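To keep things clear, I will list the structure first and then write my remarks on it.
Below, chains carry the letters A, B, ... as their sequence lines are ordered, and counting in each starts from 1. Nothing here was measured: the structure is a model prediction, and the numbers come from that model.
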Amino acid sequence: MNSCTERIYNGLVKENPTFVMMLGMCPTLAVTSSLQNGFGMGMTTMVVLTASNAIISLLRNIIPDKVRMPAFIVIVASFVTIVQFMLEAYLPALNASLGIYIPLIVVNCIILGRAEAYASKNKVLPSIFDGIGMGLGFTFGLSSLGFFRELIGSGTILSHRVIPDEYCVKMIGLAPGAFFVLAALVAVQNKLRISKGKKPKEIKCCADCSLCTNECDELGKDFSDAVKNT
Amino acid sequence: MKTLILIAIGAALVNNVVLSQFLGLCPFLGVSKKVKTAAGMGMAVIFVITMSSLLTSIIYQYILVPTDMTYLNTIVFILVIAALVQFVEMVLKKLSPALYEALGVYLPLITTNCAVLGVALLNVQNSYGILKSVINGLGTAIGFTVAIVIMAGIRERNEYNDISPALKGTPIVLVTAGLMAIAFSGFSGLL
Amino acid sequence: MKEIILNSVKLCVITLIAGILLGTVYEVTKEPREKQQEKSKREAYAKVFKDATLFEEFDYDDKVLSEYLADKGYKKSTASINEIVTAKSSAGEFLGYVLTVTDKEGYGGEIKFTIGIKKDGIINGISFLTLAETAGVGMKADESKFKNQFSELPAKELEYTKTAKTAENQIDAISGATVTTNAVTNGVNCAIAAYDYIIGKES
């Protein structure tokens, strides 16, 4: 069981998808205008990620290597659609407020990235815990962004007013605010990293998201070489 | 005609795909270091999104709706897009090596660009017909290209600026994107 | 060659299983999903007609109504009526109509809402079914400060104003959200036009 708790720690802290890996930026910025939406999106992604990790790990010896990407996409897309049905049936309000970003979970870098990097190479149980860990890490990231944006942007926490309307910075809740809040977050991390003598971070997800794993740096380099040569 | 123009302008400027809908952020942040590569990426995106809008809306109208299987749209669209990208790559390689050289390296990056799937889904959500879908796709892709090229231009300029080390790299790019989003929100007065 | 065929077969099998699974889940969740939609519809009806308990479908010709509305300047591409029901008290007494309206010109896409109009031609209230506007700006349409303005107004064509309201047929716009205000007002006007049509047809 030790490897399972290690997986959870890995997802929440060591390789946190939002703060450390900087994956899945589209939903991170798009749905975090309120805490509730951020949390809902994070949990939905976690369910899809855990289920797809489990199935992909189960089928890892059956799926032919050459067509693994389409196979992964089919599995992930099926789970996303299933989750969408469930939300429609039991949580219609959340489904309405997340809208198009639910089907877009299919192309979320985190899911295909974990399938490629972990689930397709490991046993079922650790893969499930990897999904839970990563999902929790993502939920934590989205919730905290949502918390700050909701607090500063509309002065509420879970729709309970804590700051009078006149003192809110409306822009933080809007599209530009999403960029600014994330910029501030990365800048703080860079400051910490620099003071520890480490290099500041770059957005990794430059190339194909499905390749976005730890080896991404090299792939990114390959890509920029290829671009240079053209 | 008027609605088509409105759709195109709305997609390209008012509801800019990157700056207000946050679709396709990965390439927007990752491939915007040089204007030349940004423009190449933009061209490839215009090509693929327009083609995929056409294809997905044809499939939706003539296969999924008649067979009452519209609930399969996510899975069908993503497979169509993946296949389309592969196919375009192969065809370009054979028929037009010059074009392949210009766009080839960007094509594999586009399958998981969420803007492509996003546009296909938005077309369905807004119940656009085939022509409207293509126009919406084209407009969206042009909006993406405009945003990424402007971004690359700004990044080329502030490459040598004296920026505090903590803000260097990603943070300053995000701040730039935020300022661009403010500028683009001014377009909402157009409609 | 053999490998390619084998791979394709495997991929096809995976896709097939996924498809069957999806179909099953679709069928299983169909009932609760429809129930949920029905429930939210009922709730939206009840919200705009508190004293009514019975809602019965109102029979009308959709095509004729659309033409009538297009004549009045409400084209199907901008605003349209989805459904009309009659509201009745538990004793079966006729109280008024509830119309479901979709306006396509919201800032974040479609805006769908129900509006209740009493039999004496007074608007009872509106309630949103779909509202995907910008948080903190257009979303304010759902706050009572904006929404309640429509209550108790006579069902005559309305307009919005950015300065304080001076006439009975005016409502105060949401500041910074002209697009949303315009869409909602246009939707309400469309419903009022449809109400005129119903009245005209009955008398």
Give, as side chain, backbone, both or neither, the part of Leu122(B) having an atom under 4.5 angstrom from any heavy atom of chain C.
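Contact with chain C: none, neither part.
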Are there more than 12 heavy atoms of other residues, nucleotides or ligands under 6.0 Å from atom [atom1] of [X]?
{"X": "Lys147(C)", "atom1": "NZ", "value": "yes"}
{"X": "Asp120(C)", "atom1": "CG", "value": "yes"}
{"X": "Gln86(B)", "atom1": "CD", "value": "no"}

Distance from Tyr71(B) atom OH to Glu27(C) atom CD, nearest 0.5 Å?
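If I round to the nearest 0.5 Å, the distance is 6.5 Å.
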Nearest 0.5 Å, what's the OG-NZ distance between Ser127(B) and Lys104(C)?
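Result: 4.5 Å between the selected atoms.
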